[in-house]
Amino acid sequence: MDYKNLLYSVDENNIATLIINRPKAYNAINAETMGEIGHFFSKTAPKLKGIVGVVVTGAGDKAFVAGADIKAFLTLDNKKAQKLSKQGHLAYNHIENFDKPVIAAVNGFALGGGCELAMACHMRIAGAKAKFGQPEVNLGIVPGYGGSQRLVQLIGKGKAMELLLTGDMIGAEEAHRLGLANHVVPQGEEVAKAKEILLKIATKGPISIAKTIELVNLYFNKKKDGFKAEIEAFGACADTKDFKEGASAFIEKRKANFTGK
Ligand code: DAK
């Protein structure tokens, strides 16, 4: 499917790349773009046969995503804002729960809804010029796409509180130090680093990768017991061909050939 504000492709290694494509607005996310992101992760990406993961990045060399589109904010009232917020939560939950790894290649500003997009991904690679922040308080609003929760999950309450209350931006190195960015790379090498990690993950058993994503996410689900789920997932993995193959490959001192079965 063609999108108005997104570009996507799949490379020779079966890695999908999704580009948020509104460079003149620093890739700011309006309702249409958010709808497209939700559609991509719930409808399009699951049908991309054999992909090993997705890299998410921003068009141009200035921004990953500089936030929600502020120009669309003035017409919001309580009802419309809640609708918009729910749409964003839904879209970003699709990313977080995607059964293949999703890595944000943060090539510039990742602010507000952009930082939230990066945080919904399973990992973040920061280019040297990346800037992260949740500046909603500057606009008299709170994060609308999960930022008040995922920032705490990633960097802890104290630092999250500071960033959320001051609206300060931090650079790539500070984001790395805090655990918000997994790696910092020279500017322009974010996508390549993300792909390098995905290629490594592609050599593992796809069922165990999907289950691991599910289990890590469960840690933050207050309604479910992640420890119990891990026991069940471990049992389910034991029944797969991949598990027999992985164990046999180790014993036979060869590389495993996983089939996802
Ligand atoms: N929205 C719309 N346009 C934006 C934008 C944004 N977030 N960020 C940048 N742009 C546009 C600028 O308007 C400008 O367009 P033109 O004026 O040329 O047409 C172009 O991108 C380049 O921006 P600048 O000229 O400002 O570029 P600079 O390099 O000087 O500055 C900057 C870059 C990123 C520091 C600056 O653009 C900036 O401060 N941008 C705004 C950052 C920001 O505050 N983002 C919003 C974060 S808050 C909710 C739903 C969602 C949210 C909250 C609640 N509910 C439903 C309740 C989310 C909130 C946020 O995301």
Side-chain angles (χ1 to χ4, degrees), residues 3-7 19-41 56-96 104-121 124 126-155 159-175 180-181 187-188 190:
Y3 295 108
K4 199 168 155 205
N5 306 301
L6 306 179
L7 297 171
I19 300 175
I20 314 299
N21 188 33
R22 299 185 73 218
K24 284 189 187 142
Y26 278 26
N27 304 317
I29 294 181
N30 55 15
E32 187 182 45
T33 311
M34 190 59 92
E36 291 186 353
I37 293 172
H39 187 277
F40 177 80
F41 278 99
V56 180
T57 193
D61 57 0
K62 301 280 187 222
F64 174 69
V65 165
D69 192 328
I70 300 173
K71 289 170 187 165
F73 268 17
L74 284 181
T75 55
L76 286 184
D77 57 20
N78 188 326
K79 212 169 154 195
K80 286 185 197 155
Q82 288 205 35
K83 193 171 164 214
L84 190 68
S85 184
K86 272 188 196 151
Q87 181 201 32
H89 276 261
L90 203 66
Y92 287 7
N93 286 344
H94 282 309
I95 299 176
E96 188 168 70
V106 183
N107 55 321
F109 292 107
L111 304 175
C115 189
E116 290 167 304
L117 171 61
M119 291 193 292
C121 297
R124 286 143 294 282
K129 289 190 189 156
K131 296 256 185 261
F132 296 81
Q134 294 288 155
E136 285 83 354
V137 288
N138 296 336
L139 305 169
I141 202 163
V142 298
Y145 301 143
S148 65
Q149 305 301 297
R150 290 196 178 98
L151 192 61
V152 181
Q153 293 171 358
L154 282 167
I155 69 173
K159 265 318 223 185
M161 199 65 102
E162 183 180 336
L163 290 184
L164 289 161
L165 295 182
T166 62
D168 281 351
M169 276 189 228
I170 55 170
E173 290 298 344
E174 175 74 344
L180 183 53
Q187 191 63 24
E190 311 82 29

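Whatever order the structure lists ligands and atoms in, that order sets their numbers, starting from 1. The structure presented is a predicted model; accordingly, all values stated were derived computationally and were not measured.
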A59 backbone acceptor or donor facing N21 side chain under 3.5 Å: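 Checked: no pair found.
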
Salt bridge (charged side-chain N to carboxylate O under 4.0 Å, His left out) contacts in which one or both residues fall within residues 139-148, not counting sequence neighbours: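 Qualifying pairs, neighbours excluded: none.
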
Salt bridge flag under 4.0 Å for residues E116 and R150: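 No, this pair does not count.
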
Atom pairs and distances, ligand 1 N/O vs protein N/O under 3.5 Å:
from     : atom 1 : to   : atom 2 : distance (Å)
ligand 1 : 1 (N)  : I70  : N      : 3.0
ligand 1 : 7 (N)  : A66  : O      : 3.0
ligand 1 : 7 (N)  : A68  : O      : 2.9
ligand 1 : 13 (O) : K71  : NZ     : 3.1
ligand 1 : 21 (O) : K24  : O      : 3.4
ligand 1 : 27 (O) : Y26  : OH     : 3.4
ligand 1 : 29 (O) : Y26  : OH     : 3.1
ligand 1 : 45 (N) : A66  : O      : 2.8
ligand 1 : 61 (O) : A68  : N      : 2.8
ligand 1 : 61 (O) : G113 : N      : 2.8

Residues that E162 engages under salt bridge (charged side-chain N to carboxylate O under 4.0 Å, His left out), provided they are two or more places apart: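 Salt bridge (charged side-chain N to carboxylate O under 4.0 Å, His left out) check on E162 returns K159.
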
Aromatic ring pairing F40/Y3, orientation class (parallel under 30°, perpendicular over 60°, tilted between):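 Ring orientation of F40 relative to Y3: perpendicular.
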
Between side-chain atoms of residues 65-73 and protein atoms elsewhere (two or more places apart, or another chain), which donor-acceptor pairs fall under 3.5 Å?
from : atom 1 : to  : atom 2 : distance (Å)
D69  : OD1    : K71 : N      : 2.9
D69  : OD2    : R22 : NH1    : 3.0
D69  : OD2    : R22 : NH2    : 3.3

